Amino acid sequence: MASEEEKYHLITSRLQEVLGGSQIKSILAEGRAPRCYWGTAPTGRPHIGYFVPLIKIADFLRAGVEVKILLADVHAFLDNLKAPLDLVTHRTKYYECILRTVFTSLGIPTSKLTFVKGSDYQLSKDYTLDVYKLSTLVTEHDAKKAGAEVVKQVESPLLSGLLYPGLQALDEQYLDVDFQFGGVDQRKIFTFAELYLPRLGYSKRAHLMNPMVPGLMGGKMSASDPDSKIDFLDPPEVVKRKIKKAFCEEGNVSENGLLAFLEAVLIPVSRLRLERLRNEGGLDGQEGAGSQKPFVADDAPEGTVFTITREKGGGPSHYQNYQELKDDFAAKKIHPGDLKASVRDAIISLLGPIQATFFANEDWKQIEQLAYPNLSAKPEKKKKEKVYHPPPPGKGKNAQLSSPSTTQSVCLEPTQGSSSQSETVV
């Protein structure tokens with residue numbers, strides 16, 4: 001059984017910053033399982049950048065942390081209408097399908113996770129009252145500052161964007177957690193929560209932050225920029241095309257999205273699979289979907305966590321940690337083409353079981369179509385139905401032709417008090 005120090009190390013490893021680490025240590029010393037939440041707003045299509053927090057959540061679970069995943073549907077609507085109300089319900093379902101499938105593909109038991117939809121409690125009387133209370137304490141300056149890195153910034157911000165940080169702070173109380181986990185871009189919201197929750201009479205929580213992983217082009221990985229990221233459902237040929245276009249200057253290790261993804265995702269996944277092969281790691285021995293082979297060559301020496309295969313000869317290079325690989329790339333011992341090829345193959349392998357699950361599930365495919373309708377698709381033209389209109393009497397194919405000189409007599413029987421008469425119809 002892991003010690004308190006080992007659990008704390010597992011919880012905080014590979015993080016960029018920890019605020020309130022002493023609180024987590026105190027909880028572990030009590031023998032209680034820490035409780036945390038990670039939230040995501042179901043807006044654009046989720047991409048492989050989501051592997052970064054999900055891999056870290058796997059560490060939390062191995063350390064015995066109780067994890068809640070917040071599907072923040074209300075936040076998605078508030079953030080400058082990124083998800084219209086008529087789509088947010090479908091996108092929330094789509095996100096849950098994706099996240100559960102990713103955990104399963106990695107061999108992480110979802111039974112240890114709790115999925116919570118924001119609207120299940122954020123529309124309650126008590127929560128709404130706390131939002132009003134918070135609005136009497138928070139200045140416009142603090143609200144804008146807190147959301148500066150997360151909420152979409154526009155020239156004339158909507159009031160909804162100013163509410164966003166306050167709601168995220170209140171989530172810590174209403175989800176009953178000890179710490180919140182997110183990217184370092186959430187730091188201003190986290191410090192906002194630490195300042196304002198105690199003013200409402202609630203306890204201050206700890207906050208754990210992942211580093212931000214740059215996109216394929218070197219900037220921020222964004223759901224709105226298709227070339228900066230790879231979607232979970234991108235087929236292999238699309239992955240190859242995007243990796244080929246990725247920024248990867250020889251010897252340049254800064255703003256290199258491929259190296260960053262390798263450090264944050266591929267090497268941790270490889271270690272996870274190696275631990276599972278050795279029956280280590282505390283994940284109940286659950287097998288992941290698809291290939292669970294570590295990203296190493298078959299002849300790699302013991303301790304290898306990643307192998308760079310050279311496409312133009314020269315033999316593979318085996319690495320026991322990320323720093324060794326980074327140093328070799330900086331020294332130009334690894335060609336950008338070889339790095340791209342090795343990362344490309346690893347990503348395709350990661351996405352394989354996720355995509356197989358999607359294409360085998362008709363309900364999920366229908367949810368995807370409802371969540372992200374193809375707005376550029378031209379509607380099918382309906383053929384105009386022919387309606388039969390009968391010709392007027394005496395016309396048309398079946399009309400009887402009569403000679404102008406022909407007459408027809410209709411005789412009417414004489415009635416009482418009238419004389420016999422004849423009516424001629426031409």
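The first residue in the sequence is number 1, and the count goes up from there. Keep in mind that this is a model prediction, so the values were computed, not measured.
Salt bridge annotation for K333-D327: absent, with no cationic side-chain nitrogen under 4.0 angstrom from a carboxylate oxygen. In this structure, D234 pairs ionically with K242, as a charged nitrogen and a carboxylate oxygen lie closer than 4.0 Å. A salt bridge does not link K144 with D142: none of the charged nitrogens is closer than 4.0 Å to a carboxylate oxygen. Under a 4.0 Å N-O distance rule, the pair D59/R62 qualifies as a salt bridge. Under a 4.0 Å N-O distance rule, the pair R187/E17 qualifies as a salt bridge. In summary, E263 and K326 do not engage in a salt bridge, as defined by a charged side-chain N under 4.0 Å from a carboxylate O.
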So F247 and N256, side-chain contact (heavy atoms from CB on, under 4.5 Å) or not? Walk me through it. CA-CA 7 Å; F247 174 78; N256 187 319; 5.5 Å; no
Could you walk me through whether D328 and I308 satisfy the side-chain contact (heavy atoms from CB on, under 4.5 Å) test, starting with their C-alpha distance in whole Å, then the side-chain angles of each, then the deciding distance to 0.1 Å, before giving a yes or no? CA-CA 11 Å; D328 271 6; I308 295 290; over 6 Å; no
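Side-chain contact check for Q168 and Q186: at least one donor-acceptor pair (N or O, by modelled atom type) lies under 3.5 Å. If you check the side chains of Q369 and N374, you find no donor sitting under 3.5 Å from an acceptor.
Residues F179 and F60 bring their aromatic ring centres within 6.0 Å. Between Y121 and Y127, the distance separating the two ring centers is shorter than 6.0 angstrom.
A cation-pi arrangement, defined by a distance under 6.0 Å to the six-membered ring centre and an angle within 45 degrees of its axis, is present between K25 and Y8. Seen from the ring of F103, R100 does not count as a face-on cation partner, given the 6.0 Å and 45° thresholds.
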